[in-house]
Amino acid sequence: MTTDALDQLRADIVEVGRRLWTRGFVASNDGNISVRIAPDRLLVTPSNVSKGFMTPDMMCVTDLSGGLIAGAPGRKPSSEILMHLVAYRERPDVGAVVHAHPALATGFAVAGIALDRAVLAEVITTLGAIPIAEYGTPSTRELADSVAPYVKAHDALLLANHGALALGRDLFGAYYKMETIEHFAKISLVARLLGREHLISREEVDRLQALRGQYGIAAPAPICADPLPDGADVDPSCQVVYAPNAPGERLVPDTSVAGGPGRLTVGTNGEIRLTYAQLTALIDEAVRQLATRT
Ligand SMILES: [Zn+2]
């Protein structure tokens, strides 16, 4: 890579950091960014800096085991570099990694709700599903190990009780995926607050997947033919998207999410799920009925 190209990448990382901070995707010194500059060399944001106030000279150069090759005096690569290294090792096609804590996506990660429902055509064609990697202590091998099975088939994932991770062929590609994760989380939250989600049918999901090929959208893995049963191990070869079978239909009213009062959720294993509001309403109703009987 030429010196000019490297200087441009340093400036681009500063710009992406500024956008993450400006959009509220990070607070304080949260988040980290890396770019592959050679098969075994990365340009990585340093630890302990706000991503909104970086300068190009701050970046660290590391090898693919995280060892510091070059950097400004006193600067160390991000403490989350282990998670980035896993992404580069598992996915030779990945050229950049962006990690942040956008509030809405992280809210889903805290609630344990994956963004894996067939809701937005755009998300199905670009990201597929956004699963949640199990919780691992930040900056440790545990977190890196928890994301490893997911990065094989996904460009975007949530990190349980932590944040989100986006992988891209290049820096802005990874950054835009982080934007899409947060935008999808925002839309999903609004739909659920409004009380219902119409889901895109499995047939239409298949059609959207075909568009990936038509438009040359690089996806790390195809969408799984059918949702895996509850409790099944992660299938590293495909993306699990929840889409109901409804031949001839494109959109299907969903009964398995929050719903209005009285609308109950029946999971694929037959369990009934209630939101807190629904549970409260049921208890109130039972108490009312008891009161009218006495
Ligand atoms: Zn983090």
Side-chain angles (χ1 to χ4, degrees), residues 13-36 42-54 58-60 62 64-66 68 71 75-91 94-115 127 130-151 154-168 171-186 189:
I13 293 177
V14 169
E15 174 61 18
V16 165
R18 197 187 60 78
R19 293 187 194 191
L20 289 173
W21 182 81
T22 306
R23 297 195 62 150
F25 289 4
V26 289
S28 183
N29 296 338
D30 297 347
N32 26 75
I33 304 162
S34 66
V35 182
R36 200 197 295 258
L42 305 176
L43 195 57
V44 185
T45 50
S47 61
N48 292 321
V49 294
S50 165
K51 302 304 156 303
F53 299 91
M54 294 189 295
M58 286 182 178
M59 307 309 157
C60 299
T62 75
L64 265 196
S65 53
L68 184 65
R75 296 283 179 203
K76 286 193 301 186
S78 164
S79 57
E80 288 293 17
I81 191 164
L82 293 176
M83 180 167 63
H84 293 239
L85 297 175
V86 162
Y88 291 112
R89 282 203 214 105
E90 297 286 346
R91 293 273 305 279
V94 163
V97 176
V98 173
H99 165 56
H101 305 164
L104 298 174
T106 304
F108 277 83
V110 168
I113 301 172
L115 292 165
L127 295 181
I130 306 170
I132 306 180
E134 289 76 21
Y135 180 78
T137 306
S139 83
T140 68
R141 160 82 33 212
E142 192 183 38
L143 177 59
D145 289 346
S146 82
V147 305
Y150 295 93
V151 294
H154 301 88
D155 282 341
L157 47 142
L158 303 180
L159 311 173
N161 291 63
H162 180 168
L165 187 70
L167 321 179
L171 176 58
F172 281 97
Y175 167 71
Y176 289 137
K177 282 171 186 164
M178 184 60 75
E179 283 193 348
T180 301
I181 295 171
E182 181 64 350
H183 203 60
F184 184 28
K186 187 184 282 184
L189 179 64

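Every value quoted in this text rests on a predicted model; they were computed, and no experiment measured them. Counting starts at 1 for both ligands and their atoms, in listed order. Numbers for residues simply follow the sequence, beginning at 1.
In this structure, His154 and Tyr150 have tilted ring planes: the angle between them lies in the 30° to 60° band.
Counting only protein atoms, the N, O or S atoms lying less than 2.8 Å from the Zn ion (ligand 1) are His99 NE2, His101 NE2, His162 NE2, ordered by chain and residue number.
A donor-acceptor pair under 3.5 Å is absent between the side-chain atoms of Thr45 and the main chain of Asn32, judged by distance alone. Side-chain atoms of Lys51 do not come within 3.5 Å of backbone N or O of Leu20 as any donor-acceptor pair.
For Phe172, there are no ring pair (Phe, Tyr, Trp, His ring centres under 6.0 Å) partners at least two apart in sequence or on another chain.
Between Ile81 and Val44, the closest heavy-atom pair is CD1-CG2, 3.9 Å.
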Check your understanding: Given Leu127 and Ile181, is the side-chain contact (heavy atoms from CB on, under 4.5 Å) satisfied, shown in steps?
Key -> CA-CA 9 Å; Leu127 295 181; Ile181 295 171; 4.2 Å; yes
